[in-house]
Amino acid sequence: MKTFYGVELDSALMLGTALYPSPAIMAQAFDASKASVATVSLRRENSGGQAFREWLQTLNVRLLPNTAGCYSVKEAVTTAHMARELFDTTWIKLEVIGQSDTLQPDPFGLVDAARILCDEGFDVFPYTTEDLVLAERLVEVGCRVLMPWGAPIGSGLGLNNPYGLRSLRHYFPDIPLVVDAGIGLPSHAAQAMELGYDAILLNTAVAKAGDPVAMAKAFALAVEAGQTAYQASPMEPRDMASPSTPVIGKAWL
């Protein structure tokens with residue numbers, strides 16, 4: 001498994017901390033998922049304050065604060081500074097939203113904010129699209145991880161553009177890639193891992209499931225299965241049938 005800014009994670013699954021029915025169920029879901037990273041939003045987290053932040057530490061996972069809800073470079077950079085102080089980490093999941101309906105990233109603001117934060121010593125995890133040109137710009141300004149969306153945040157649509165995600169994997173073989181947003185089913189997560197992605201980040205699919213703990217376990221199994229399948233070098237699809245029983249030695253009657 002690739003390292004994320006020098007850190008090797010125990011699991012390829014990352015979970016968000018919003019929308020759960022209760023903190024207790026969230027803790028059980030994290031335990032069942034074996035997730036290695038928990039994301040938390042400063043702008044959208046308004047319950048518990050310092051007590052909630054201290055409670056997050058009991059999850060025994062690495063925290064990845066994010067800039068969710070930020071629509072400008074200034075908002076995102078300021079929120080990142082706050083996160084560094086509150087959580088004592090240089091890791092930041094950078095979101096600069098450009099479209100309120102789809103929550104699509106603003107590519108121009110994203111690159112500008114990433115440049116500022118990378119120059120200031122942050123380890124930036126940019127929430128981006130599968131656009132190759134945008135990915136190149138983010139890498140050029142210092143990002144060493146890319147987090148392309150599978151589909152709009154919270155939509156559960158899965159991988160809308162497998163070709164684009166596959167192209168990113170091909171063009172950036174040495175950059176850790178994380179599918180972030182749009183994952184709705186364990187099969188979606190397995191598909192992303194089969195493409196060679198290094199991790200999956202999701203929230204709504206687990207938190208809003210009828211049984212978040214059972215769904216978290218299902219995602220853990222799916223991520224492991226997809227990762228193992230990719231490492232096993234799966235067969236290439238064919239247009240024609242290919243018999244699995246050898247013809248050589250067949251008795252002709």
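Position 1 is the first residue of the sequence; numbering continues from there. Everything numeric in this text was worked out from a predicted model, so none of it was measured.
One hydrophobic cluster, built from ILVMFWY side chains closer than 4.5 Å, cannot hold both Ile183 and Tyr230; they sit in different ones. Both Tyr171 and Leu159 are members of a single hydrophobic cluster when ILVMFWY side chains are connected at heavy-atom separations under 4.5 Å. Residues Phe108 and Leu146 do not share a hydrophobic cluster, clusters being chains of Ile/Leu/Val/Met/Phe/Trp/Tyr side chains in contact below 4.5 Å. Both Val124 and Phe87 are members of a single hydrophobic cluster when ILVMFWY side chains are connected at heavy-atom separations under 4.5 Å. Cluster annotation: Met82 and Leu64 are assigned to the same hydrophobic cluster (Ile/Leu/Val/Met/Phe/Trp/Tyr, side-chain heavy-atom contacts under 4.5 Å, transitive).
Taking CD1 of Ile175 as the start and CG of Leu168 as the end, the distance is 11.0 Å to the nearest 0.5 Å. The distance from the CG atom of Leu195 to the NE2 atom of His170 is 14.0 Å, given to the nearest 0.5 Å. A distance of 8.5 Å separates CG of Asp106 from CG of Asp112, quoted to the nearest 0.5 Å.
Under the 4.5 Å side-chain criterion, counting only non-hydrogen atoms from C-beta, Met215 is not in contact with Asp211. Using a 4.5 Å cut-off on side-chain heavy atoms (C-beta onward), Leu165 and Pro148 make contact. Between Asn160 and Pro152, some side-chain heavy-atom pair lies under the 4.5 Å cut-off. Using a 4.5 Å heavy-atom threshold, the side chains of Val111 and Leu138 count as touching. Here the side chains of Phe122 and Ile116 are not in contact, with every heavy-atom distance at 4.5 Å or above. Leu177 is listed as a side-chain neighbour of Arg169, based on a closest heavy-atom distance under 4.5 Å. Between Val37 and Leu15, the closest side-chain pair of non-hydrogen atoms is not below 4.5 Å. Contact annotation: the side chain of Pro176 approaches that of Phe4 to within less than 4.5 Å [non-hydrogen atoms, C-beta and beyond].
Applying side chain to side chain contact (heavy atoms under 4.5 Å, CB included) to Tyr127 and the options Thr67, Ile97, Leu110 leaves one that passes, Ile97. When the options Thr39, Asp180, Leu13 are evaluated for a side chain to side chain contact (heavy atoms under 4.5 Å, CB included) with Leu202, the one that passes is Leu13.
The heavy-atom pair separating Gly109 from Val73 by the smallest distance is O-CG2, 3.4 Å. Summarising the geometry of Glu130 relative to Asn161, their closest heavy-atom pair is OE2-ND2, 2.9 Å, with the distance given to 0.1 Å. Between Pro212 and Ala29, the closest heavy-atom pair is O-CB, 4.1 Å. Considering every non-hydrogen atom in both Ala135 and Phe172, the closest pair reads CB-CE1, 3.7 Å. Looking at every heavy atom in both residues, Val178 comes nearest to Tyr197 through N-CD2, 4.0 Å. Residues Val139 and Arg144 share a closest heavy-atom pair of O-NH1, 3.2 Å.
Side-chain contact check for Asp123 and Thr90: at least one donor-acceptor pair (N or O, by modelled atom type) lies under 3.5 Å.
The number of heavy-atom neighbours closer than 6.0 Å to CG of Asp119, taken from other residues, nucleotides and ligands shown, is above 12. For Tyr5, the OH atom sits in a packed shell: over 12 heavy atoms of surrounding residues, nucleotides or ligands are nearer than 6.0 Å.
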Mind listing the side-chain donor-acceptor pairs of residues 184-194 below 3.5 Å, one per line with the distance, residues two or more places apart or on another chain?
{"unit_1": "His188", "atom_1": "ND1", "unit_2": "Gly184", "atom_2": "N", "d": "3.1"}
{"unit_1": "His188", "atom_1": "ND1", "unit_2": "Leu185", "atom_2": "N", "d": "3.1"}

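A salt bridge links Glu95 with Lys93: at least one charged nitrogen is closer than 4.0 Å to a carboxylate oxygen.
At distances below 3.5 Å, not a single donor-acceptor pair connects side-chain atoms of Ser33 with backbone N or O atoms of Ala216.
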Checking Asn66 against Ser41 for the side chain to side chain contact (heavy atoms under 4.5 Å, CB included) test, could you report, in this order, the C-alpha distance in whole Å, the side-chain angles of both residues, the deciding distance, and whether it holds?
CA-CA 5 Å; Asn66 65 43; Ser41 169; 3.2 Å; yes
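Remark: Trp149 pairs with no residue by the ring-ring contact (aromatic ring centres under 6.0 Å, His included) rule, at least two apart or across chains.
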